[in-house]
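Each remark here refers to the structure printed beneath this line.
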Amino acid sequence: MKNYFKPNLLLSIPSLHFSRQNPKLYFHTNTHFVEQLQHSKTLNSVISIHSNILKIGFLTDTYTTNHLLNAYLRQKEIQNAHQLFDEMSQPNVVSWTSLMAGYINNRKPWVALRLFETMPKDQVLPNSFTFTTAINACSFLADVETGRKIHAHVEILGLKSDLVVCTSLVDMYGKCNDVVEAQKVFDTMVYRNVVSWTSMMVVYVQNALGEEALLLFREFILFMSPNHFMLTSVISACSSLGRLVTGKVTHGAVIRRGYDGNDVVASSLVDMYAKCGCITYSRKVFRLIVNPGVIPFTSMVVGAAKYGQGNLSLDLFEEMIERGIRPNDVTFLGVLHACSHSGLVDIGLEHLNSMYTKHGIVPDAKHYICAVDMLGRLGRLDEAYQLAKTISTEAKEVALLWGSLLSASRSHGRLDLTVEAGKKLLELKQQLAGTYIKDATYAFYAGDMSSCTRGTEIMNVLRELELRMKERGYVSGSKGLVFVDVEEEAEEAIVGLHSEKLALGFSLISMPRGMTIRIMKNLRMCLNCHEAFKLISDVVKRDIVVRDLNRFHHFKDGLCTCKDFW
DNA sequence: TTAGGGTTAG
């Protein structure tokens with residue numbers, strides 16, 4: 001703590017006058033320090049105030065020291081804060097909770113949990129603030145087991161009526177993918193506000209239950225007004241469902257309420273329009289952001305890449321570098337995706353190499369898988385295979401990797417590598433066989449329906465759909481029914497439509513854990529859409545909400561202000 | 001009355 005003792009430039013009053021024997025002076029000086037700490041903006045100013053507090057002997061006062069502790073934490077000085085905490089004669093519950101929160105903000109939530117366990121041994125009992133902080137740590141760690149234990153204590157101690165504690169529980173269960181438990185907490189909450197409703201909506205969105213999120217929102221707006229946090233979640237739900245019209249309506253609400261200047265809201269809109277096939281709208285919204293940071297830029301880079309506008313994607317990447325915005329791992333996924341789909345393999349590989357050398361980002365399995373895909377598409381299969389063999393990652397990604405190579409080998413007539421990739425997929429399937437459960441994942445990849453457990457069944461239905469479309473004059477080809485997701489071929493088909501008018505109306509039905517089927521809007525022209533949805537829902541045995549695509553007729557470009565559309 | 005909850009890109 002040597003750096004605490006900086007020259008005292010602020011106060012030079014003899015310490016004699018500041019003893020507790022002079023309560024009035026003591027109070028005023030104390031208030032003075034607290035005010036200074038609350039307004040301290042730099043580490044130097046905090047150190048300086050700390051030095052003055054030490055001189056006058058106020059460090060024995062827990063209230064003042066807590067302010068000092070938090071001033072260090074605001075400067076991200078966790079080590080200094082912890083040392084100060086250790087030096088405190090009587091740290092109270094506020095000191096403990098502050099330090100715990102400090103560790104969470106410094107990305108060390110496990111230390112916060114350790115402190116939480118230690119507290120009672122130090123004769124300090126946690127309160128609702130401490131519980132919220134501990135639950136928050138579990139949320140960061142996705143540690144549902146510890147979360148459940150803390151939840152049990154919350155029930156025992158009667159903290160169940162605390163709005164903030166319950167909201168953090170909803171959030172924690174959601175981050176741990178336990179939607180049922182999150183919903184239980186939400187349903188039994190004594191009080192709810194816009195934050196708790198938003199938390200529950202986010203739980204749904206992050207667990208692929210966008211429809212439930214929108215239903216909850218419809219309930220919410222009956223008696224409360226949404227803020228920008230909530231509208232962002234609604235937009236996010238629309239993105240996940242491909243609900244363009246609802247997204248536009250929400251955009252209208254954003255503008256009417258004056259939230260369109262908010263970067264986070266704008267980023268969610270950029271993403272939503274891109275996912276709904278309206279890259280032009282994404283660009284419009286993006287260009288209205290005054291100083292776009294890494295997230296809106298990445299949304300745009302990824303969005304453009306996905307819709308085949310590789311050059312736009314790469315231009316945006318260059319622009320962000322020129323502006324001094326540091327890209328991250330997600331940005332590079334978008335860049336590699338763009339190169340892959342524009343045939344720019346060597347440029348893509350250069351970007352992959354530059355990730356670490358120029359930007360200090362270590363590429364992970366996702367980046368390498370993207371590179372394998374990129375090489376495979378262009379027929380550089382031996383390089384792709386050599387690279388693929390070096391990648392070790394989790395099962396889901398392994399399937400993606402070898403599925404992609406299988407598809408590329410097949411289309412380039414490389415029987416040897418087709419067999420190799422097929423073997424790898426088969427091995428994986430055998431490994432996973434024991435873990436399959438009823439109504440679980442239907443992961444299947446373009447050009448490889450054999451890897452889907454009900455692939456034949458699904459293919460039969462899709463063939464039937466195509467047949468019926470043909471009966472109504474539809475000519476099969478790249479336009480029309482697009483049904484296989486996960487792999488990019490599906491997206492290429494979307495790009496194949498080119499016309500924004502057509503791409504505007506595709507509907508995306510996403511189901512939990514992997515399976516997604518897309519139906520293009522022009523299917524409606526060839527086949528009764530409800531019929532198509534019904535057929536598919538029969539196959540997958542899930543309830544799919546049938547969307548009335550005819551509604552698209554009622555909306556033209558621009559914003560819809562129909563409030564009750566949600 | 002110093003400490004606690006929700007939003008965006010893969």
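Just so it is clear: chains get the letters A, B, ... in the order the sequence lines come, proteins before strands, and each one is counted from 1.
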### Query
With a non-hydrogen cut-off below 4.0 angstrom, is A/Val165 in contact with a base, only sugar-phosphate, or nothing?
base
### d(CG, A/Leu99; P, B/dT2) in whole Å
18 Å
### Message
What contact category does A/Ser128 fall into here, base, sugar-phosphate, or nothing, at under 4.0 angstrom with non-hydrogen atoms?
### Response
base
### Query
What's the CG-P distance between A/Leu84 and B/dA3, to the nearest Å?
15 Å
### Task
Output the single nucleotide from B/dG6, B/dT2, B/dT7 whose closest atom is nearest the side chain of A/Asn227.
B/dG6
### Task
Decide if atom CZ of A/Arg323 counts as having more than 12 heavy atoms of other residues, nucleotides or ligands within a radius under 6.0 Å.
yes
### Task
Would you indicate what A/Ser199 reaches in the nucleic acid, counting non-hydrogen atoms under 4.0 angstrom: base, sugar-phosphate, or nothing?
sugar-phosphate
### Task
Check each of A/Phe129, A/Phe85, A/Tyr103 against A/Trp96 using the ring-ring contact (aromatic ring centres under 6.0 Å, His included) test, and report the only one that passes.
A/Phe85
## Note on the structure
Checking B/dT8, B/dG10, B/dA3 against the side chain of A/Asp329 (C-beta onward), the nearest is B/dG10
### Query
Is A/Val270 touching bases, backbone alone, or none of the nucleic acid, heavy atoms closer than 4.0 Å?
nothing
### Summary
To the nearest angstrom, the CE-P distance between A/Met272 and B/dT7 comes to 19 Å
### Query
Crowded around A/Gln90 CD? As in, over 12 foreign heavy atoms under 6.0 Å?
no
### Task
Please confirm whether A/Phe297 and A/Phe317 have ring centers closer than 6.0 angstrom.
no
### Query
A/Ala101 has a side chain; which of B/dT2, B/dG4, B/dG5 sits nearest to it?
B/dG4
### Message
Just to verify, what does A/Arg107 make a side-chain hydrogen bond (donor to acceptor under 3.5 Å, both in side chains) with, not counting sequence neighbours?
### Response
none
### Query
Counting side-chain heavy atoms from C-beta on, which of B/dA9, B/dT7, B/dA3 comes nearest to A/Asn127?
B/dA3
### Among A/His50, A/His82, A/Glu77, side-chain hydrogen bond (donor to acceptor under 3.5 Å, both in side chains) partner for A/Tyr72
A/His50
### Message
Side chain of A/Val202, heavy atoms from C-beta onward: which of B/dG4, B/dG6, B/dG5 has the nearest atom to it?
### Response
B/dG6
### Task
Would you indicate, yes or no, if B/dA3 has its OP1 or OP2 atom less than 4.0 angstrom from a side-chain nitrogen or oxygen of A/Asn70?
no
#### Entry: Base of B/dT8 paired with side chain of A/Ser267 (donor-acceptor, under 3.5 Å)
yes
### Query
Touch check for A/Leu163, heavy atoms < 4.0 angstrom, all strands: base, sugar-phosphate only, or nothing?
base
### Query
Choosing from B/dG5, B/dA3, B/dT7, which nucleotide comes nearest the side chain of A/Val94?
B/dA3
### Query
Which part of the nucleic acid, if any, lies within reach of A/Asn92 when heavy atoms closer than 4.0 Å are counted: base, sugar-phosphate only, or nothing?
nothing
#### Entry: Euclidean distance, atom CG of residue A/Asn328 to atom C1' of B/dG10 [Å, nearest integer]
9 Å
#### Entry: Selection from B/dT2, B/dG4, B/dG6 that lies nearest to any side-chain heavy atom of A/Thr133
B/dG4
### Query
Counting side-chain heavy atoms from CB outward, which of B/dG5, B/dA9, B/dT7 is closest to A/Ser168?
B/dG5
### Task
Round to a whole Å and report the spacing from CG of A/Leu269 to C1' of B/dA9.
13 Å
### Task
Output the single nucleotide from B/dT7, B/dA3, B/dA9 whose closest atom is nearest the side chain of A/Ser98.
B/dA3
## Note on the structure
Quick note, A/Asn193 side chain, CB onward, closest among B/dT8, B/dG5, B/dG6 is B/dG5
### Query
Do the two ring centres, one from A/Tyr273 and one from A/His251, sit under 6.0 Å apart?
yes
### Task
Could you check whether A/Ser299 gets within reach of a base, just the sugar-phosphate, or nothing at all, counting any heavy atom under 4.0 Å?
sugar-phosphate
### Length of the NZ-C1' vector between A/Lys275 and B/dG10, whole Å
8 Å
### Task
Find the distance A/Phe297:CZ to B/dG10:C1' and express it as a whole number of Å.
18 Å
### Query
Between A/Ile295 (CD1) and B/dT7 (P), how many Å, whole number?
12 Å
